[in-house]
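First the structure, in the form of structure tokens, and then the observations on it.
Chain identifiers are assigned alphabetically (A, B, ...) following the order of the sequence lines, protein sequences preceding nucleic acid strands; residue numbering begins at 1 within each chain. Scope of the values below: all heavy atoms of this structure, side chains included, with no hydrogens, waters or symmetry mates.
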Amino acid sequence: MIIKTTALVVSNELVAENIYRMEILSPEISRNAKPGQFINIKISENFDPFLPRPFSIYNTIEDKIQIIFNAIGKGTKILSTFKAGASINIFGPLGRGFNIADEFDIAVVVAGGLGIAPFPFLTKILKEKNKKIISFVGAKTKNQIVTDGLENIKIATDDGSLGYKGTIIEFLKSNILNMNLTSSLSTFKIFGCGPNPMLKALVNLCNELKINCEISVETQMACGTGLCRGCAVRSKDGNYKLACKDGPVFNSNEIILW
Amino acid sequence: MIIKTTALVVSNELVAENIYRMEILSPEISRNAKPGQFINIKISENFDPFLPRPFSIYNTIEDKIQIIFNAIGKGTKILSTFKAGASINIFGPLGRGFNIADEFDIAVVVAGGLGIAPFPFLTKILKEKNKKIISFVGAKTKNQIVTDGLENIKIATDDGSLGYKGTIIEFLKSNILNMNLTSSLSTFKIFGCGPNPMLKALVNLCNELKINCEISVETQMACGTGLCRGCAVRSKDGNYKLACKDGPVFNSNEIILW
Amino acid sequence: MVKTEVTIGKLKIKNPVLVASGTFGYGDELLGTVDISKLGGIVTKSLTLKPKIGNPPPRIAETPCGMLNSIGLENIGVDKFITEKLPVLRNYDTAIIVNIAAKRVEDYCEIIKRLEDAEGVSAYEINISCPNVKEGGLEFGTNLSMTAKIVKETRKITDKTLIIKLTPNVTRISDFAKVCKEEGADAVSLINTVVGMAIDIKTRKPKIASITGGLSGPAIKPIAIAKVFEVFKNVDIPIIGIGGITTWEDAVEFMIAGAKAVQVGTANFVDPTVSLQIISGIIRYCEENEIFDVNEIVGSIVLDSPQV
Amino acid sequence: MVKTEVTIGKLKIKNPVLVASGTFGYGDELLGTVDISKLGGIVTKSLTLKPKIGNPPPRIAETPCGMLNSIGLENIGVDKFITEKLPVLRNYDTAIIVNIAAKRVEDYCEIIKRLEDAEGVSAYEINISCPNVKEGGLEFGTNLSMTAKIVKETRKITDKTLIIKLTPNVTRISDFAKVCKEEGADAVSLINTVVGMAIDIKTRKPKIASITGGLSGPAIKPIAIAKVFEVFKNVDIPIIGIGGITTWEDAVEFMIAGAKAVQVGTANFVDPTVSLQIISGIIRYCEENEIFDVNEIVGSIVLDSPQV
Ligand SMILES: Cc1cc2nc3c(=O)[nH]c(=O)nc-3n(C[C@H](O)[C@H](O)[C@H](O)COP(=O)(O)OP(=O)(O)OC[C@H]3O[C@@H](n4cnc5c(N)ncnc54)[C@H](O)[C@@H]3O)c2cc1C
Ligand SMILES: Cc1cc2nc3c(=O)[nH]c(=O)nc-3n(C[C@H](O)[C@H](O)[C@H](O)COP(=O)(O)OP(=O)(O)OC[C@H]3O[C@@H](n4cnc5c(N)ncnc54)[C@H](O)[C@@H]3O)c2cc1C
Ligand SMILES: Cc1cc2nc3c(=O)[nH]c(=O)nc-3n(C[C@H](O)[C@H](O)[C@H](O)COP(=O)(O)O)c2cc1C
Ligand SMILES: Cc1cc2nc3c(=O)[nH]c(=O)nc-3n(C[C@H](O)[C@H](O)[C@H](O)COP(=O)(O)O)c2cc1C
Ligand code: FES
Ligand code: FES
């Protein structure tokens, strides 16, 4: 069930360098949403920018949903000007979220930059299921680190300004190896989201260590609802899957990253 | 000298039904402006709406200029959301203003709807020159009447909700005839601004009574600076004049209204 | 009570608003969210004889007031459409216009043959104007004799309403509409997308994997209106107007220019319910202007200048 | 220190940014506000043999991310330009590219003859692509043999750089560029405006008195990029890119697609100083990317797909 609504902006605050968290009142979407799903936001009444912008559901709090975004471009810059009390046109929940039904007892969350977006929501649900969670969060530098809503946080920064100096995947790898549980690795499940190079490295690592892994991908999108077929992602079977409908969450062995 | 500047919005308040007055800090434009001139406002950083919007200079107060606008369309609706403290891209002063150098001792201001826009500024300058001023202000209904900054105000509304019931030109005509100064009429000068039908009626009246009359016209404009040749107005000599450069103020016997 | 029914060839649609091919899947994509039985009709994604997986990503890019696409006619193929989609669509009280694309004239005919035996097809829209593929591609739509041939051959096979979808990427679109009429087409639909391109200056790569794509959205509306009016002025054939329609005002503008019906495309991506709002907007417009039949709007353009 | 000089035929311009014909008057309109000696050059409003008063209003209308215009080549005529404008423009250190339009081939030649005797003309841009008039109108620009004839005849008369301005309102623009090269043109500039139309639904009248007009602005940029790349791919002739350029990123995008220089048009109406900002933006881009000569950008598009 996809809900189209003009909703109330409850708050919109700067939480890190150029990063905003917006809270939107939408009981129906909040009730129906699953971790890993996203919403489409119509940014402007005018035609530039024209296409809606997709944003992961960062978390749900009672009747409210939250998103977090980086004010980098046309749409997000406009979005950053929305004030509490404004109304906003949203559409969702969209896409297929994370699969938490399968076999695992330790969830390893791996986020690069704003790749943390879907994880506070996932963390909340996993905790309800009493799963153990470890969170690896990486960013270029410490001002871009956002961690609230996550559990057992391990941080890496490219410039070493906070936590491990290096990429989050290197850090993850050394940790997993140290854990030295290669036997029981099968009971791990990794949930990854972030820039493509990071996701590729993550998928390689998981293949190497045979770890069950789901990743949330970002593609160009027009409709977010399966209408345009624009968000194609190569799948292992040689066909294409839709990031907005079959995804944005895919199992690492379903698709081929570009 | 045309000034291009990113200026500070000092205030932007609702002064009548859907009508806003904005005050902008721009010492250079304020210093250089003449009554009847206008400024161009770049409404948005994005491309829709794309063209700048022209607005008459409503008044100047020390370092500040004021405009007044009706939030009817794309651009003006966006303008109405500007808050004090915002910055705005403006360009001006543009066009040829009213000619107050010529022979007259009584200035009759005739405004239809937001046609009052250029007159508070004109009134201020005329008073400095100790001219007698009578102001005729017409509108559909009383909520749309704006008169501050005008002198000796006579009002007409189509629905009779305030002042004379009928068009401002009918009202003007009866008044002039009553004044019964047909002899000294030559010392009148009429300054008109408003919708085209009203301006046409005004011009006819002035021809009939042989009154010196200047009108400020509105046309579609792209550049406001003479570059595009888009704002052509038919002139009596069979050529075209530019509303943005030769106008927007024309003597009633210079041009042919459309 | 405004009369909204319009007739395109033999096809009666309950109102003049359709969703455009490739912008609403097969009509069954959002059944929970959009009540398609309120639409004048749906035009399906282009169907080919065999299924197609489409072009490699990236397939789309946003542009000022529009977008580029090169989906490459990804579709399930005519047979699967007949077995899986038609049975669902049949249950809705809306016109099902099947858009078809092919590499060879024979294939166009073969696709229609298969659909003729199926139940539930209201009309055909022949795509000879896709900028992104061989199938139904521009080498058909930009060539008068090929266009004539395709219309002539497909006309032989069906008595159903035959709509030819034209490309704007030609010098005089009315020449193509004329040929369509002469060869027996019931109507023309225009415009398909305009060939366009965008480059990411960071990577210096085209933003679309197939380099060029089709431009759509509000940006192309003035081009589409001009093409619709050109055909309306020069050829006596029903026109379905397409291109950048996002509001009911846009739809009315196309009808004033001469379109009997309209298709809403890219706007569905911003709001999949937009077509329903456009329909109610048109009805409100008619009521306010005491227009009792939407057909009164069609071609009602007012010209005081002598140019025409 | 980035090298910004580019060469178009025999013409050297100090940087690749020009202002487009009809969007900057004769170059002397805003001398107090815009320092034209910083520009690569100015392209004048189209000049005709005799003065023209232009088309009746309304001449312009805003459209999504663009505008329609039908100015109708209002201009002071070549003689007045020579006596009144050239003497002023000569004093500025910028290329003066004179754009000319005519109804007959003889008139194109006659206009050039008169300009040849005058001092200060850097190059000619031949307008055969104006959608709004007979002079230099589309019946020239959409006809290969007429295009060939105009290039051949004008080429005979001048050794100065001869630029032919092409229209996008054709099926294959590269065919026209090819003809221009064969007949001796030094360069082509593209695109002129796209034929478009808009209707005021309140009055049901066209928003432009001449019914159709020329579409320009950001809306047409993807169309222009595609046309520039089509010519770049198929014809070995210097290209001046035009269409929707509003930022330095747009200019760089055109150069990556194959344009040696660019012209800024409609954007001047939003900010007449925009060309100067585009020039400094290009220089900054080169510095940041360690590009020492802007010519390195020209045609530097990266294609990993096989399509080309
Ligand atoms: C399923 C999905 C979920 C998403 N969730 C989030 C989210 O939770 N938070 C969030 O901030 N964004 C998210 N995005 C990306 C978001 O939709 C926008 O694309 C992004 O915010 C930029 O939009 P814009 O209009 O500001 O930038 P645009 O004006 O569209 O682009 C401006 C510039 O930014 C670049 N750019 C565009 N997107 C990105 C990006 N993601 N990273 C770096 N550069 C970029 C463009 O290439 C361009 O150069 C998600 C995307 C998808 C597909
Ligand atoms: C020299 C000059 C001075 C001007 N001074 C003022 C001024 O002081 N105050 C002011 O409010 N406007 C003024 N205008 C008009 C102003 O520039 C805008 O055109 C107008 O405000 C509408 O802009 P928009 O973007 O909101 O409407 P648009 O989105 O451009 O148009 C929306 C709808 O409103 C209609 N419309 C556009 N302009 C008008 C209008 N003036 N009256 C009624 N309907 C209209 C359009 O036809 C369209 O249907 C002036 C125009 C000129 C040429
Ligand atoms: C993503 C996308 C896919 C399309 N696919 C098809 C198609 O398969 N067949 C077709 O005839 N037209 C197709 N079109 C063209 C549209 O039907 C329509 O003609 C065009 O987009 C212009 O209308 P618009 O501006 O309202 O989108 C497609 C358009 C888009 C944007
Ligand atoms: C108002 C206006 C007037 C124009 N006049 C001319 C002209 O006289 N001669 C010409 O060759 N092109 C003329 N053009 C076309 C421009 O030079 C340019 O080719 C076109 O506008 C596309 O560029 P743009 O999108 O940057 O404006 C005109 C364009 C506009 C908007
Ligand atoms: S974004 Fe349109 S189908 Fe996925
Ligand atoms: S508005 Fe451009 S010349 Fe007047």
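- When every heavy atom of C:V302 is checked against every heavy atom of D:P206, the shortest pair comes out as O-CD, 3.3 Å.
- Considering CG of C:N169 and CG of D:N169, their distance stands at 10.5 Å, rounded to 0.5 Å.
- Among residues 234-252 of chain D, the residues having any heavy atom closer than 4.5 Å to a heavy atom of chain C are, in sequence order, D:W248, D:E249, D:V252.
- Atoms CD1 and CD1, from D:I201 and C:I301 in turn, are 13.0 Å apart once rounded to the nearest 0.5 Å.
- Looking at every heavy atom in both residues, C:A198 comes nearest to D:E253 through CA-OE2, 3.2 Å.
- The distance from atom OG1 of C:T171 to atom CZ of D:R172, rounded to the nearest 0.5 Å, is 12.0 Å.
- Shown here are the salt bridge (Lys or Arg N to Asp or Glu O under 4.0 Å) partners of D:K205, two or more places apart in sequence or in another chain: C:D304.
- Here CD1 of D:I225 is found 5.5 Å from CD1 of C:I199. Values are rounded to the nearest 0.5 Å.
- Here the closest heavy-atom approach between residue C:R204 and residue D:E296 is recorded as NH1-O, 4.3 Å.
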Audit row: C:I211, D:K233, side-chain contact (heavy atoms from CB on, under 4.5 Å) steps and yes/no: CA-CA 12 Å; C:I211 302 177; D:K233 220 174 47 186; over 6 Å; no
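- With sequence neighbours excluded, the residues that form a salt bridge (Lys or Arg N to Asp or Glu O under 4.0 Å) with C:E62 are A:R53.
- Annotation: maximal heavy-atom pairing with chain D below 4.5 Å, among C:G196, C:P222, C:A61, occurs at C:P222.
- Between C:P64 and D:C65, the closest heavy-atom pair is C-SG, 3.7 Å.
- For a residue to count as touching a neighbouring chain, one of its non-hydrogen atoms must lie under 4.5 Å from one of that chain's; by this rule C:V195 touches chain D with backbone and side chain alike.
- Between chain C and the residues D:P218, D:G217, D:A257, the largest count of heavy-atom pairs under 4.5 Å involves D:P218.
- Here C:K3 pairs with C:D293 under the salt bridge (Lys or Arg N to Asp or Glu O under 4.0 Å) rule; sequence neighbours left out.
- The line from CD1 of C:I223 to CD1 of D:I223 is 4.0 Å long, rounded to the nearest 0.5 Å.
- With a threshold of 4.5 angstrom between heavy atoms, D:V170 approaches chain C through its backbone and through its side chain.
- Interface remark: D:F254 contributes no atoms to any contact with chain C (heavy atom separation under 4.5 Å).
- Annotation: maximal heavy-atom pairing with chain D below 4.5 Å, among C:T167, C:I256, C:D200, C:I297, occurs at C:I256.
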